[in-house]
Protein chains: 2
Amino acid sequence: MSRLAPDTLTEPQQRILAFISQYMAEHDLPPTIREIQKGAGISSTSMVSYHLKALEKAHLVNRYERRSRGVVPARAAHAQLRDVVSVPIVGRIVASEPAPTPDPDALADAENTIQIARSIVGNGDGLYALEVKGDSMIDALINDGDIVIMRRTSEVNNGDLAAIFLTDRNESTLKRVYREKGGLRLKLKPENPNMKPFYVDARHAQIQGKVVCVIRRT
Amino acid sequence: MSRLAPDTLTEPQQRILAFISQYMAEHDLPPTIREIQKGAGISSTSMVSYHLKALEKAHLVNRYERRSRGVVPARAAHAQLRDVVSVPIVGRIVASEPAPTPDPDALADAENTIQIARSIVGNGDGLYALEVKGDSMIDALINDGDIVIMRRTSEVNNGDLAAIFLTDRNESTLKRVYREKGGLRLKLKPENPNMKPFYVDARHAQIQGKVVCVIRRT
DNA sequence: CTTGACGTAGAACGCATGTTCGATTATGAT
DNA sequence: ATCATAATCGAACATGCGTTCTACGTCAAG
């Protein structure tokens, strides 16, 4: 949680901000100046206006000038920061096949989409989801029916859990990746601590994306 | 998605509904009657009012009478149907200890809360979350650091994945539960298909809740 | 003490906005 | 054709509501 200098907010300003949020959670529409006045215990409408100017300057609220109920908390103002992100389920992952990668044209229709709280996955860019079939991913502690949220990227850091397509075996797998011997060799370590890591030639492995989150619904 | 007889909606009514949703997505506050009039291409404010009455009767919008911008789509009207639910993380689960159960008094402060899309967990009632420490849950395919979303319940169906406290061993575990021998014996089957099920006396086991979802952030 | 910035109050202004009402015109069943 | 019902329109009304202005009090710096 990054807050913009909350300590510099006067106590009535904090009350106003809290009241607006509470009011919107309750009514799904912002309060009027006078409702703020009563609800936050401010003595006059001009005082509300006064405090609102300060909150606006601090980018904590957005205002539509001269419009009724035209004050909304800044967080709710831009749709980018919405609390859920829709991730398209682009296919199934099977050990014997390359993991599907996102088709840019694929529209995110409701049936093939999973909603994830943004607080879990962060930025929604480049995200796609795979449904795991069979128990081929058992050493990544992933079972039949699980949903894997992936972020498409070529760059992975040591220790990232990633989807790797092994060209010599012609199959995909989910492992923690560590570069060794100057990047010539990859150490692939199963998520399951009971299993031993193994090693592959970096030329025979291609990284398809990193795992952001694993979801198992029961 | 259950819609209430959408076919009986006249075409201008559909336009109004669509416009309100679009407007709210854009501005985070509902439109005025006159904005609806222009935005949905209605000829007069009284016509908007007229159509709004119909939409209200069909429970598609909620209205605050005589309040400015007092028309909100019914879906957004009750906070119950919000798209995320906040689940309190009430503690950690360790094999050698009983799993913590939710403290009703515990306030859901931001630090100890996880946001889950409602589409994943459904009803938010009775939900709590546990953070898994160590690899004691490895046979449930759950690793150190994973978050388990639980629903507090005494009733479990055969095959449900549940947290069971074994009184004779004084430890908690996550297994699929099957009642056998008329409920006298419980069959506990690990989520991991490579592991064998085992059996306990029902009198020595108490069910603490069922697993709704497992989240692994990476 | 003076001054100026800041916080406070209350009232008034003026446009915005939800509502209502009477009148007029389809629509559709009898 | 007739009658009831639904749909439409424009205008007017009363009040909701954001804004602004003036006056006053407080307090620290010069």
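Chain A is the first sequence line, chain B the second, and so forth, proteins listed ahead of strands; every chain is numbered from 1.
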Note to self: Counting the atoms with a prime plus P, OP1 and OP2 as sugar-phosphate, which does A:Ser68 contact under 4.0 Å by heavy atoms, base, sugar-phosphate, or nothing?
What the structure shows: sugar-phosphate
Notebook entry, point to check: Taking the side chain of B:Met47 as heavy atoms from C-beta outward, which of D:dT8, D:dC17, C:dT20 is closest to it?
Noted result: D:dT8
Notebook entry, point to check: Going by heavy atoms in the side chains, are B:Val48 and B:Arg34 under 4.5 Å from each other?
Noted result: no
Margin query: Using the side-chain heavy atoms of B:Arg34, tell me which of these nucleotides is nearest: C:dT20, C:dT17, D:dT20.
Written below: C:dT17
Checklist line | d(CD1, A:Ile33; P, C:dC13) in whole Å | finding: 20 Å
Margin query: Distance check needed: D:dT8 P versus B:Gln37 CD, whole Å only.
Written below: 13 Å
Next item on the list: Provide, to the nearest angstrom, the distance between the CG atom belonging to B:Leu52 and the C1' atom belonging to D:dA7.
Entry: 16 Å
Note to self: For D:dT8 and B:His51 - does any side-chain N or O of the residue sit under 4.0 Å from the phosphate oxygens OP1/OP2?
What the structure shows: yes
Next item on the list: Give the rounded distance in Å between these two atoms: NZ of B:Lys53 and P of D:dT8.
Entry: 14 Å
Margin query: Contact between A:Ile20 and A:Pro31 at the side-chain level, heavy atoms closer than 4.5 Å - yes or no?
Written below: yes
Checklist line | Nucleotide D:dG18, atom P - distance to NZ of A:Lys38 in whole Å | finding: 12 Å
Check: For the side chain of B:Arg151 and the backbone of B:Gly126, is there at least one donor-acceptor N/O pair under 3.5 Å apart?
Finding: no
Check: To the nearest angstrom, how far is B:Ile42 atom CD1 from C:dT19 atom C1'?
Finding: 17 Å
Next item on the list: Using a heavy-atom cut-off of under 4.0 Å over every strand shown, decide if A:Ser46 touches base, sugar-phosphate, or nothing.
Entry: base
Notebook entry, point to check: Reckon B:Arg66 has a side-chain N or O less than 4.0 Å from the OP1 or OP2 of C:dA16?
Noted result: no
Note to self: Which heavy atom of B:Asp139 sits nearest to which heavy atom of B:Pro190, and what is that distance?
What the structure shows: O-CB, 3.4 Å
Note to self: Does C:dT8 have its OP1 or OP2 closer than 4.0 Å to a side-chain nitrogen or oxygen of A:Tyr50?
What the structure shows: no
Next item on the list: Give the rounded distance in Å between these two atoms: CD of A:Gln13 and C1' of C:dC6.
Entry: 12 Å
Notebook entry, point to check: Minimum heavy-atom separation for B:Thr167 to B:Gln206, with atom names?
Noted result: CG2-OE1, 4.1 Å
Margin query: I want to check one thing: is the phosphate of D:dG18, taken as OP1 and OP2, less than 4.0 Å away from some side-chain N or O of A:Arg67?
Written below: no
Next item on the list: Mind calculating the distance between CD (B:Glu65) and P (D:dT15) to the nearest angstrom?
Entry: 16 Å
